[in-house]
Amino acid sequence: MNNLTIISSQKNWLEQDAVIHLKKLCTLEGVVKAAGLPDLHPGKTPVGCTIITEDMIYPHLIGNDIGCGMSIYTTSIEKRKIKTDKIIKKLESIASLKEIELPDDSGLDPTSSPLGQSLGTIGGGNHFAEFQEVNEIFDEDRFKSLGFDKGHITLLVHSGSRGFGQAVLDESIRLYEAQKGLPISSDAARNYLSKHDDAVKWALINRDMISYRILKAVGAGTENERLLDSCHNSITMKELDQKQHYIHRKGASPSDTGAVIIPGSRGSLSYLVMPKDNTETSCYSLAHGAGRKWERSLCKSRLQGKYTRESIKSTALKSRVICSDNSLLFEEAPEAYKNVDTVIQSLLDFELIDIIATFKPIITYKA
DNA sequence: ATGTAC
C-alpha cells in the first residue's frame with residue numbers, strides 16, 4: 001500500500017492494531033489515499049485517520065458521532081479575577097445542563113423528541129467543556145487576529161451530534177446496508193449525505209448551546225462569541241485533479257479550513273495551531289487530540305490504587321474536574337492518553353503546522 | 001460514540 005501515510009515519529013508510540021486496521025480499510029473500493037495521524041488508535045474503525053475516496057462513500061468510517069468537533073468561545077471572565085471555587089460550586093450544584101433553559105433562537109425545538117431532547121448536552125466518552133487560560137503565545141499577530149485575548153478565560157467545547165448522528169448512521173445501515181459502502185450516484189448516498197450534513201449542523205448548534213448553558217450556569221455573560229470551530233468526524237467533498245473526492249475524517253481535524261485547537265488530556269495543554277499549506281500528505285488533516293493509550297475497560301483497575309475519590313478530580317496542572325460518573329473519571333484520566341506534546345511534535349516534524357499558542361485547563365466539566 | 005444492551 002503506497003497511498004497510506006502514517007504521520008508519526010519514533011518517539012510517538014502507535015498501537016499497531018490500528019495501523020493494520022487502517023491498511024485493511026485502504027483496500028476498500030474507491031479509496032485513493034489515506035493518512036494515519038499521530039493520535040491514531042483502535043476503535044470500531046480506527047480513530048485518528050483520514051480516508052479519501054472517489055465514487056464511493058463509507059458511512060461506517062465516520063461512525064455514529066457525525067459532526068463531532070471542537071469549538072472555542074470567548075467569555076467575559078477575566079483571567080486575573082476568576083473565582084475557580086465559586087464556578088466549581090455552581091457547576092456541581094446542577095444535576096444536568098438540561099436544567100438551564102436554552103435561548104429562544106437556538107434554531108431547534110428542544111421539546112421535539114428525540115432529537116431536540118439532547119440539544120445542549122455534552123454526552124459521555126471523551127466529550128467535555130473546559131475553562132482554559134492562555135499558557136504561552138508563540139504568534140501574537142495570529143492570536144489577536146483570531147479574536148483571542150490573553151486577559152480572558154476561554155471555553156473549549158468538545159461534543160457531537162448525540163442521538164441524531166446515531167439515528168442517521170443506523171438508518172443508513174438498516175435501509176441501505178451502508179457498511180458495504182454507498183456508490184456516490186445512488187439515492188442511498190444522497191440521502192445519507194443530506195442527513196449527515198444536518199447532523200454536522202446539529203452538532204455545531206449543540207456546542208453553541210453547551211457553551212451558552214455553562215456560561216449561564218456560572219453566572220458569566222452569555223455573549224459567547226465562537227472564535228473557532230473544527231469538525232473531526234465527517235465526510236467533506238473536495239475537488240482534486242478535476243474530480244470530486246470524499247474526505248472521510250474519523251478523529252482527524254481539517255487542515256484546509258484555518259486554525260484549529262488540538263487538546264490533550266484534561267491534565268495537559270491544548271495547542272492552538274495554524275496548518276501549513278502543504279498538507280496533502282496528511283490528507284488535509286491533523287491530529288484531533290492526544291489519542292488514547294489505554295482502552296477504557298483497563299483504566300479503572302490500573303488507576304484505582306493511585307487515586308482517592310478526591311485526588312482523581314484534580315490534575316498535574318492544578319486544574320479541577322467535575323464529573324459525576326465515577327468510571328468516566330478513570331476512563332478519561334490523563335494516564336489513559338498519550339502525551340499531546342509528542343503528538344504535536346510529529347505534526348511539526350512533518351511540517352504540517354505552526355503553533356500559535358497553548359492553553360492551560362482550569363476546570364474540565366463532564367456529563 | 002449512544003436517552004446504549006445485558
For A/Ile62 and B/dA1, give me the distance from atom CD1 to atom P, rounded to whole Å.
14 Å

How long is the line joining CD of A/Gln166 and P of B/dG3, in whole Å?
7 Å

Separation of B/dA1 atom P from A/Leu61 atom CG, nearest Å, is 17 Å

For a quick check, tell me whether the side chain of A/Asp65 and the base of B/dA1 share a donor-acceptor pair closer than 3.5 Å.
no

Sugar-phosphate, base or nothing in reach of A/Gly160, heavy atoms under 4.0 Å
nothing

Looking at every strand, decide which applies to A/Gly43 at a 4.0 Å heavy-atom threshold: base, sugar-phosphate, or nothing.
nothing

Between C1' on B/dT2 and CD on A/Gln117, what's the gap in Å once rounded to a whole number?
15 Å

May I ask you to decide whether A/Glu92 forms a salt bridge with A/Lys89, counting only side-chain N to carboxylate O separations under 4.0 Å?
no

Ring centers of A/His232, A/His158 separated by less than 6.0 Å:
yes

My understanding is that only residues two or more places apart in sequence, or in another chain, count here; which of them pass salt bridge (Lys or Arg N to Asp or Glu O under 4.0 Å) with A/Lys24?
none

Expressed as a whole number of angstroms, how long is the span from A/Leu169:CG to B/dT2:P?
13 Å

Spacing of A/Leu328 atom CG relative to B/dT2 atom C1', expressed in whole Å
13 Å

Report yes if a side-chain nitrogen or oxygen of A/Arg162 is closer than 4.0 Å to either non-bridging phosphate oxygen (OP1 or OP2) of B/dG3; otherwise report no.
yes

Answer whether the closest heavy-atom distance between the side chains of A/Ile72 and A/Leu155 falls below 4.5 Å.
no

Need one value for A/Gly163: base, sugar-phosphate or nothing, where a base atom within 4.0 Å counts as base even if backbone is also close, heavy atoms only.
sugar-phosphate

Tell me: CD1 of A/Ile66 to C1' of B/dT2, nearest whole Å?
12 Å

Expressed in angstrom and rounded to an integer, what is the separation of A/Lys250 atom NZ from B/dA1 atom C1'?
7 Å

